[in-house]
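Working notes, structure below.
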Amino acid sequence: MPWPYRLQCFDCHAQYPAQTTNYRCERCGGLLEVTFRISRRKVPWTNRGLSVWRYRELLPVDNDRFITTLVEGGTGLHHCPRLGRELGLKRLYVKNEGENPTGSFKDRGMTVALSKARELGKRKVVCASTGNTAASLAAYSARAGLKCVVIVPEGKVAAGKMLQVMIHGARIFQVRGDFDEAMRAVVTLAEHRKGFYLMNSLNPFRLEGQKTLAYEVCDQLDGEVPESLVLPVGNGGNISAIWKGFGEFQTLGITKTRPRVIGVQAEGAAPIVKAVKRKRDRIEPVTSPRTIASAIRIGSPVNWTKVLHAINESHGTAETVSDKEILEAQRDLASKEGIFVEPASAASIAGLRKSREAGKIDRSDLVVCVATGHGLKDPSVVDYLPKHEGYTLKITQPDWIERLERTI
Ligand code: F0G
């Protein structure tokens, strides 16, 4: 059973009952969030294995009967000494969310939101997506036997993600335009047809699953809290959820501090970074966002109020990175630490490098970078790898072993 919770407007703090299915405040149109009644206490989960559902009491699904899981969370927090040395950092860790069932952090949120959807009696779920949300929703809907509709920007989703959506049997609709248009379409659909339950990060129940990343990081560091947490920002759900998670652990008395959160966006899709750098309290949407990191090719992030709050409250910052920097960071992490992530995820490493160079992160800081999705999802980056000389092995030649050695 979860601890008592309710829904609350992020802006005007209007309260709503726990079973509310709206995702916007009826009074002011603000974003909703789940708020748990928590205080310092001894927690019941210390002997449970690391996973999203380890933190059952802080997940807003009332009845265990509805839980739909593929065993998500419990991803590795990998110490990266080689890359850390290169970046001049004593303690660099990468939280590899590609280890989740469908290869991205979305599964953390989806197990909770899909379970909640079932508890609320929903039969049809819908999302707009740059790929990973759709892949995750398709898998969890298949697991639960729900109908799944995904709306994606035509021709702008990585091949691996499209394959996932198709193999899990979701209904795919493609819109001419970018993600922001797909997002507008699903919101309109969900507003006009109550039977379709919206599963984007506007859905506050999804963010409740995603906040468990923060809990896990604290537990994996034996109660220590990173000084800085760096992660890519698209729609802004993840950074907001993780910030909430760190806050809850502090309220419970498990940890004493919270990290600075550093949001990274691609140069061609950086409305949040622009607002942070200009010290604005609202964003200006970017039309026709552009970047190789298709997962974060978003010009009008729906969770922007929550993101600006998280960055400001944490005394964090935001950074843009170029596509070239993203691709270099992707290769660095793969070739120096053995962790293969998709371009959007590599943006966090590229952003970390830039923040270090700008002196925004101290050498002695404990830094955690969130690698949000697996590299195999987007095979198109092969086109950007440095051209290797193709070596053909002619094993009919008697000296083939010597020839092989000479090339190394
Ligand atoms: N990294 C990856 C790999 C993503 O797929 C996304 C978002 C993000 C980072 C950004 O997270 O939106 O919570 O700020 N992907 C969404 C999708 C938009 O549809 O899959 P965010």
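Every number for a ligand or one of its atoms is a count from 1 in the order of the listing.
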Provide, to 0.1 Å, the distance between atom 18 (C) of ligand 1 and the closest protein heavy atom, together with that atom's residue and name.
T130 OG1, 3.4 Å

Do E313 and K306 meet the salt-bridge criterion of a basic N to acidic O distance under 4.0 Å?
no

Shortest protein heavy-atom distance from atom 13 (O) of ligand 1, along with the residue and atom involved:
N238 N, 2.8 Å

Going by an N to O cut-off under 4.0 Å, is there a salt bridge joining E216 and R108?
yes

Close-contact set for ligand 1 against F105 heavy atoms, below 4.0 Å:
1 (N), 2 (C), 4 (C), 6 (C), 8 (C), 9 (C), 11 (O)

Among all protein heavy atoms, pick the one closest to atom 5 (O) of ligand 1 and tell me residue, atom and distance.
N132 ND2, 2.8 Å

With a heavy-atom distance limit of 4.0 Å, tell me whether Q210 approaches ligand 1 through its side chain, its backbone, both, or neither.
neither

Who's closest to atom 17 (C) of ligand 1 heavy-atom-wise, of T133, L137, I272?
T133

Go through the side-chain N and O atoms of Q330 and Y384 and say whether any donor and acceptor fall under 3.5 Å apart.
no

Note: C28 and C12 closest approach over all heavy atoms is SG-SG, 3.8 Å

Under 4.0 Å between a Lys/Arg side-chain N and an Asp/Glu carboxylate O for K244 and E33?
no

Would you call D219 and R54 a salt bridge, using N to O less than 4.0 angstrom?
yes

Can you measure from CG (L308) to NZ (K279) and round to the nearest 0.5 angstrom?
13.0 Å

For atom 12 (O) of ligand 1, which protein heavy atom lies nearest, and how many Å away is it?
N235 N, 2.7 Å

Atom 15 (N) of ligand 1: closest protein heavy atom, distance to 0.1 Å, is K106 NZ, 2.9 Å

Starting from atom 8 (C) of ligand 1, locate the nearest protein heavy atom and write down its residue, its atom name and how far away it is, to 0.1 Å.
I296 CG2, 3.6 Å

Ligand 1 and G236, any nitrogen or oxygen pair closer than 3.5 angstrom?
yes

With heavy atoms of G237 as the reference, note each atom of ligand 1 found under 4.0 Å away.
13 (O), 14 (O), 21 (P)

What residue and heavy atom of the protein are closest to atom 10 (C) of ligand 1, and at what distance?
G234 N, 3.4 Å

Under a 3.5 Å threshold, yes or no: a donor from one side chain and an acceptor from the other, between T68 and R118?
yes

Numbered in order shown, the ligand 1 atoms found under 4.0 Å of a heavy atom of I298 are 18 (C)

Atom indices of ligand 1, in the order listed, that fall short of 4.0 Å to a heavy atom of S129
17 (C), 19 (O), 20 (O)

Starting from atom 2 (C) of ligand 1, what is the nearest protein heavy atom, named by residue and atom, and what distance separates them?
T372 OG1, 3.3 Å

Salt bridge present between K360 and E319 (N-O < 4.0 angstrom):
yes

Provide the number and element of each atom of ligand 1 under 4.0 Å from a heavy atom of V233.
14 (O)

Please tell me whether Y55 and W45 form a close aromatic pair, meaning their ring centres lie under 6.0 Å apart.
yes

